[in-house]
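Below is one structure, written out as structure tokens; the observations come after it.
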Amino acid sequence: MIVSAGLLLASWKSKDQFPKAKVIRAYAQLLSDTSTDRDVSMKIAEITPIIDSIIEKSIPEFTFYFLTIYNGFHYEYNSGKIKTVVAISTIDSNDIRLLLPNDYAESSSNFLNLFYGKKIKNKENLCRFISGLFLKMYTSFDCNKEFRNLHHSVKSTNRLITITTSWMDICLEFAKDKINYKDTLVSKITTFSFEGDKLTSVDCADWER
């Protein structure tokens, strides 16, 4: 659970209602490879809703979930464990949007559109929420992913909000003929552009490995 990232993960109690097949179909449509239905799966017990009061008020027509998609055909990427945020419309059950790790595959092109053009009273909280989603997606292959001493620093002007997300990890260090582990500072920057109280763009390129 990463509360400091602006996300609250709660237990998913209505597992029988989760549109598993539609989420897998939406995922498959984003990838142009030879993955098949038998290669792709998810564990219903691992699905966790993402709860945030700002988002519930600003975007009530969508609910957000965090889960892992297992793709045996993509074992070379994090052993085939693909961290995924899913946004599901409460109005149109076929409107399902996925946020995938930046260095893995393209996310749904309209995922961030959910946050654009809406009047937001607390812009900083919205930015914390979105940067928290990228944190959930972040996949490191050389670190323990402990997110120790997780910290957000915020710089803001009328038009830009920049959030620097930093944490300490224990990461591999290759030195000559041996491998060491050492504390490593990891830092990622997310930049948000606004026109008045409305978000217009998000620069998340730094979240690529």
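Every value quoted in this text rests on a predicted model; they were computed, and no experiment measured them.
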Is there a side-chain contact between Arg159 and Ser193 (heavy atoms, below 4.5 Å)? no
Is Asp169 close to Arg148 at the side-chain level, that is, under 4.5 Å between some pair of heavy atoms? no
Listed once per pair and sorted, the side chain to side chain donor-acceptor pair (under 3.5 Å) pairs that draw on residues 107-119, sequence neighbours left out: Glu61-Lys118
A side-chain contact here means heavy atoms from C-beta on lying under 4.5 Å apart; do Val40 and Ile69 qualify? yes
Work out which heavy atom in Pro60 is nearest to a heavy atom in Lys57; give both atom names and the distance. CD-O, 3.7 Å
Going only through I, L, V, M, F, W and Y residues with side-chain contacts under 4.5 Å, is there a path from Tyr75 to Tyr27? no
For the side chain of Ser166 and the backbone of His151, is there at least one donor-acceptor N/O pair under 3.5 Å apart? no
Assess whether side-chain contact (heavy atoms from CB on, under 4.5 Å) is satisfied between Leu185 and Met168, documenting all intermediate values. CA-CA 5 Å; Leu185 175 65; Met168 294 297 297; 3.8 Å; yes
Can you see which heavy atom on Ala87 is nearest to which on Phe111, and at what distance? CB-CE1, 3.8 Å
Could you tell me if the side chain of Ile163 sits less than 4.5 Å from the side chain of Ile189, heavy atoms only? no
Distance alone, cut at 3.5 Å: any donor-acceptor contact between the side chains of Asn78 and Tyr104? no
Min side-chain heavy-atom separation Ile170-Thr184 under 4.5 Å: no
Any Asp95 side-chain heavy atom under 4.5 Å of Ile88 side chain: no
Using every non-hydrogen atom in the two residues, find where Lys136 and Lys83 come nearest and quote the distance to one decimal. O-CD, 3.2 Å
Are Leu135 and Ile54 linked, directly or through other ILVMFWY residues, by side chains that come within less than 4.5 angstrom of each other? no
Are Ile44 and Leu98 connected in the hydrophobic side-chain network, where two residues link if heavy atoms are under 4.5 Å apart? yes
Hey, which of Leu67, Leu100, Thr68, Thr139 is the one that makes side chain to side chain contact (heavy atoms under 4.5 Å, CB included) with Ile82? Leu100
Students often mix this up, so state it plainly: with edges at 30° and 60°, are the rings of Phe115 and Phe64 parallel, tilted or perpendicular? parallel
Correct closest heavy-atom pair for Met137 and Val85 would be CE-CG2, 3.3 Å
Answer yes or no: is there a donor N or O on one side and an acceptor on the other, between the side chain of Ser58 and the main chain of Ile55, under 3.5 Å? no
Do Ile24 and Tyr70 belong to the same hydrophobic cluster, where Ile, Leu, Val, Met, Phe, Trp and Tyr are linked whenever their side-chain heavy atoms lie under 4.5 Å apart, directly or via other members? no
Taking side chain as C-beta onward, heavy atoms only, is Val86 less than 4.5 Å from Phe66? no
CG (Leu126) and OG (Ser131) are apart, to the nearest 0.5 Å, by 9.5 Å
Would Lys188 count as a cation-pi partner of Tyr138, with NZ or CZ less than 6.0 Å from the six-membered ring centre and within 45° of the ring normal? no
Full working for side-chain hydrogen bond (donor to acceptor under 3.5 Å, both in side chains) between Tyr77 and Asp103: CA-CA 10 Å; Tyr77 186 91; Asp103 56 348; 2.8 Å; yes
Closest heavy-atom pair and its distance - Lys123, Asn158: NZ-O, 3.6 Å
Applying side-chain contact (heavy atoms from CB on, under 4.5 Å) to Asn149 and Trp167, what does each step give before you reach the verdict? CA-CA 5 Å; Asn149 301 322; Trp167 65 92; 6.0 Å; no
Please tell me if the side chains of Ile96 and Ser89 come closer than 4.5 Å, counting only heavy atoms from C-beta onward. no
Would you give the length of the straight line joining atom OG1 of Thr190 to atom CD1 of Ile130, rounded to the nearest 0.5 angstrom? 9.0 Å
Same apolar cluster: Leu30 and Val23, side chain cutoff 4.5 Å: yes
